[in-house]
Amino acid sequence: MRRLLPLIGTPGSHPGGRSALTCRFRCGDACFHEVPNTSDNAYVGDVIAGAIGRRSMMRAAAVVTVATATGAAVVGTGAQDAQAAQAVDGGAAARTGHPVDKAARGLRFSPVAPNTADAVTVPGGYGQNVVIRWGEPILRGAPAFDPEHQTAKAQAGQFGYNNDFLALLPLPGERGRQLLVANHEYTDEVLMFRGYDPANPTREQVEVAWAAHGLSAVVVEEDRGTGRLTAVTRHALNRRVTATTEFRLTGPAAGSDLLKTSADPTGRKVLGTLNNCSGGTTPWGTTLHGEENFNQYFANASRDTDKRYGLGTGATERKWERFDKRFDVAQEPNESHRFGYVVEFDPYDPSSTHRKHTALGRFKHEAATVRLTDDGRPVVYTGDDERFDYFYKFVGSKRMRHGSSRSVREHNLSLLDEGTLYVARLTGDPAAEIDGSGKLPADGEFDGSGEWIPLATATAHGAVSHVDGMTAEEVLVFTRLAGDKVGATKMDRPEDIQPSPHTGKVYVVLTNNTNRGKAGSAGADEANPRNANKHGHILELTERRGRAEATTFGWSLFLVAGDPADPATYFAGFPKDRVSPISCPDNVAFDPHGNLWISTDGNQLGSHDGLLGVATKGERRGELKQFLTVPTGAETCGPIIQDRRVLVAVQHPGEIDGASVEKPASNWPDGPGKFVRPAVVSVWRTDGCDIGV
């Protein structure tokens, strides 16, 4: 029998545990704006309420396989105190009564205790180093970082700001080296420039910020004796992509009147990429990057379609519209339509032009993760990171080709331009049993079924809309409105979505939604069972017959975050006195053993954010252990879990209300008197063995 969740308390003044500084610069105070989705579509919390009684029916129909727990989870009353008392670098056996070497393979380490240290804290027996920091030169001719004399030209050759998604790719022919690709989501001007005046930024400051956005590719080299990674500066494959780099719009909406501007009457060429959050790697050797909170960069919007995407009616926080009219919707009404896509980057071809794939739709993409169908067609999962918005799947119609020739690479770069875009609708019954407290339904678990609703299909000869009253171009430019029309299920901020390479199950991260259950907002449902949901949860989807291209699926709640001592939490049935606390799951990745590693953003339990691993299969399914925590004000991003190394992106350290260059809230990574700098960190076992075994 599975146990789950009641109400977890009242939200703070800044939802999701974020500081006011984070809300201003990362997402443009999105949580304080009116929720953009005003449709009457079902809310996932209501759906969760409706899954009772469907479980046996779904099993009989082979729609979903649901893992069951062996018995009721026991909530240890001393769990929270024991965790707080645990030493930072160990004590797992003493805390849980369970030896480390009996944990799930890949998770055999002493869990890090919740803490507020201004450092990256790792388990005993593990070492770490900073791989690369904001401002370090990576291109030929780029100068050393000088925080007191920054220029846009220098920044365009240096590692960008606020690293988020990470990819680590092989580098054939260069032993001991790999190619690191990083997103640079947004800039914190008050932490970048001494004496920064938010009301009157200078042109140089704005142009530095443009150059600090985007992507970086940098070759890294390992020290086989220690596990340390260091950047190889000025390598031929090192690259910077910024807010002014040229991109191609591809797919069925490219060339549409909705995408044409005075600077680009073709509607096919865009300058820059903005607010790249998480992403994914493709089987054909490229990386995908999701443009998320692009709305915050555009001023003076007025249309209903702008409102649905959260664009503001006045000036922006950064005031970019003062220096380039394309950021002023009143002057360039279509420029904002050219952001909010999945970007594809070819890291092995320095001459390539980057692409924005319109066939995957326009919204606040948190990530874009890829798997292949049995016959080799790409399937991309992506979430719209907004309260009460949706998650999507794209099923390509062309098969991937193998090889490294120019023609093969060109073919594979077109795979995401033809296929069908779907949005998810979840169902469960009866709704009467979901009261917003998190109380478990009568059938013993939150579960249900779902369907992928087609929105548009793109072919080599054009595109067809499946949404009444909207053309295919409108569906792909105003994808949120298409989801509203077809009755997609409102979710609690869909973040990363990862299919397991071991089981094929798909994990959908819902980070939080403190508005759920408020007056005028959707209430709880079976897939989102808590009102005032400030800790978040993770859904586990099983595509029909395990086929990636299926149009129906089953779902269950895999993890409901929060303090394990709270009866509202749930860890796939694993005993809750043997798990680490978790709040606000965000980015996820799988390790070689099939464990899901979860980074957090906005911890509401009084500890710094961190990285945790959880077993997804076997008798230890649900065993959750904290591997590291990040410094003051920071978010854990971009986890990569290899056999012998873990990488994380430490984003926005020191981002605390009232912080500035003059009054830093963090001294990481270089100590007192230095600028606080986002950076990538590598962690390894000091005995040279594999992680967690």
S.K.: Any idea which heavy atoms bring Val370 and Pro378 closest together, and the distance?
M.R.: CG1-CB, 4.3 Å
S.K.: Which pair of heavy atoms, one from Thr569 and one from Ala561, lies closest together, and at what distance?
M.R.: CG2-O, 3.5 Å
S.K.: Taking atom types as modelled, is there a side-chain donor on Lys398 or Ser414 under 3.5 Å from an acceptor on the other?
M.R.: yes
S.K.: Should we say atom NZ of Lys269 is surrounded by more than 12 heavy atoms from elsewhere, each under 6.0 Å from it?
M.R.: no
S.K.: Identify which one of Glu185, Glu292, Glu386 satisfies the salt bridge (Lys or Arg N to Asp or Glu O under 4.0 Å) criterion when paired with Lys364.
M.R.: Glu386
S.K.: Shortest non-hydrogen contact from Tyr570 to Leu557?
M.R.: CE2-O, 3.4 Å
S.K.: Looking at Val423, Ile453, Val380, which one forms a side-chain contact (heavy atoms from CB on, under 4.5 Å) with Tyr392?
M.R.: Val423
S.K.: Side chains of Leu274 and Phe327: does their closest heavy-atom pair fall under 4.5 Å?
M.R.: yes
S.K.: Decide yes or no on side-chain hydrogen bond (donor to acceptor under 3.5 Å, both in side chains) for Glu495 and Ser278, but give the supporting numbers first.
M.R.: CA-CA 8 Å; Glu495 296 267 2; Ser278 191; over 6 Å; no
S.K.: Does a salt bridge link Arg326 with Glu332, judged by any charged N lying under 4.0 Å from a carboxylate O?
M.R.: no
S.K.: Do you see a donor-acceptor pair shorter than 3.5 Å between the side chains of Glu474 and Ser465?
M.R.: no
S.K.: Give the minimum heavy-atom separation between Ala463 and Ala472, together with the two atoms involved.
M.R.: CB-CB, 3.6 Å
S.K.: Check whether any side-chain heavy atom of Leu311 lies under 4.5 Å from a side-chain heavy atom of Ser336, and answer yes or no.
M.R.: yes
S.K.: Does a salt bridge link Arg355 with Glu410, judged by any charged N lying under 4.0 Å from a carboxylate O?
M.R.: yes
S.K.: State whether Asp468 and Lys485 are salt-bridged, where the test is any N-O pair (Lys NZ or Arg NE/NH1/NH2 against Asp/Glu carboxylate O) under 4.0 Å.
M.R.: no
S.K.: How about Phe339 and Tyr297: are their ring centroids closer than 6.0 Å?
M.R.: no
S.K.: Counting distance only, does the side-chain N/O of Arg425 pair as donor-acceptor with the main-chain N or O of Val486 below 3.5 Å?
M.R.: yes
S.K.: So, Asp484 versus Tyr390: side-chain donor-acceptor pair below 3.5 Å or not?
M.R.: yes
S.K.: From Ile598 CD1 over to Cys584 SG, what is the distance, rounded to the nearest 0.5 angstrom?
M.R.: 12.5 Å
S.K.: For Asp496 versus Ala367, what's the shortest heavy-atom pair and its separation?
M.R.: OD1-CB, 3.2 Å
S.K.: Side chains of Leu559 and Leu596, heavy atoms from C-beta outward: is any pair under 4.5 Å?
M.R.: no
S.K.: Is a side-chain N or O of Asn41 found less than 3.5 angstrom from the main chain of Ala488, in a donor-acceptor match?
M.R.: yes
S.K.: Taking everything shown except Asp375 itself, do over 12 heavy atoms lie less than 6.0 Å from its CG?
M.R.: yes
S.K.: Mind checking whether Val509 and Ile497 have side chains closer than 4.5 Å, heavy atoms only?
M.R.: no
S.K.: Please report the interatomic distance OG1(Thr358) to CD(Glu473), rounded to the nearest 0.5 Å.
M.R.: 9.0 Å
S.K.: Check Asp257 with Lys260, please: is the shortest side-chain N to carboxylate O separation under 4.0 Å?
M.R.: yes
S.K.: To the nearest 0.5 Å, what is the distance between CG (Leu541) and OG (Ser449)?
M.R.: 11.5 Å
S.K.: Just by distance, do the side chain of His411 and the backbone of Arg399 share a donor-acceptor pair under 3.5 Å?
M.R.: yes
S.K.: Can you name the residues that form a ring pair (Phe, Tyr, Trp, His ring centres under 6.0 Å) with Phe345, not counting sequence neighbours?
M.R.: His354
S.K.: Does the plane of the ring in Phe558 sit parallel, tilted or perpendicular to the ring in Tyr507? Use 30° and 60° as the thresholds.
M.R.: perpendicular
S.K.: Looking only at atom types and distance, does a side-chain atom of Arg303 sit under 3.5 Å from a main-chain N or O of Pro333, one as donor and one as acceptor?
M.R.: yes
S.K.: Under 3.5 Å, is there a donor on one side chain and an acceptor on the other for Tyr381 and Arg371?
M.R.: yes
S.K.: Mind checking whether Phe394 and Trp452 have ring centres under 6.0 Å apart?
M.R.: no
S.K.: Answer yes or no: is there a side-chain heavy-atom contact under 4.5 Å between Tyr341 and His357?
M.R.: no
S.K.: Is there side-chain contact between Glu344 and Leu413, with heavy atoms separated by less than 4.5 Å?
M.R.: yes
S.K.: Any carboxylate oxygen within less than 4.0 angstrom of a Lys/Arg side-chain nitrogen, looking at Lys393 and Glu543?
M.R.: yes
S.K.: Can you tell if the side chain of Arg308 reaches within under 4.5 Å of the side chain of Asp389, non-hydrogen atoms only?
M.R.: yes
S.K.: What distance separates His466 NE2 from Leu421 CG, expressed to the nearest 0.5 Å?
M.R.: 9.5 Å
S.K.: Answer yes or no: does atom CZ of Arg547 have more than 12 heavy-atom neighbours from other residues, nucleotides or ligands under 6.0 Å?
M.R.: no
S.K.: Which atom pair, heavy atoms only, marks the closest approach of Ala456 to Leu476?
M.R.: CB-CD2, 4.2 Å
S.K.: Can you confirm if the NZ or CZ of Arg362 lies within 45° of the ring axis of Tyr309 and under 6.0 Å from the centre of its six-membered ring?
M.R.: yes
S.K.: Does any non-hydrogen side-chain atom of Leu539 lie less than 4.5 Å from one of Leu426?
M.R.: yes
S.K.: Just by distance, do the side chain of Thr511 and the backbone of Pro585 share a donor-acceptor pair under 3.5 Å?
M.R.: yes
S.K.: Donor-acceptor pair, Asn183 side chain versus Cys277 backbone, under 3.5 Å?
M.R.: yes
S.K.: Do Asn587 and Gln498 pair up side chain to side chain, a donor and an acceptor below 3.5 Å, judged on atom types alone?
M.R.: no
S.K.: Using modelled atom types and a 3.5 Å cut-off, is there a donor and acceptor pairing between side-chain atoms of Thr616 and backbone atoms of Gly594?
M.R.: yes
S.K.: In Å and rounded to the nearest 0.5 Å, what is the CD to CG distance from Glu335 to Leu259?
M.R.: 10.0 Å
S.K.: Could you tell me whether a side-chain N or O of Asp492 sits under 3.5 Å from a main-chain N or O of His537, the two making a donor and an acceptor?
M.R.: no
S.K.: Can you measure from OG1 (Thr471) to CG (Leu258) and round to the nearest 0.5 angstrom?
M.R.: 7.0 Å
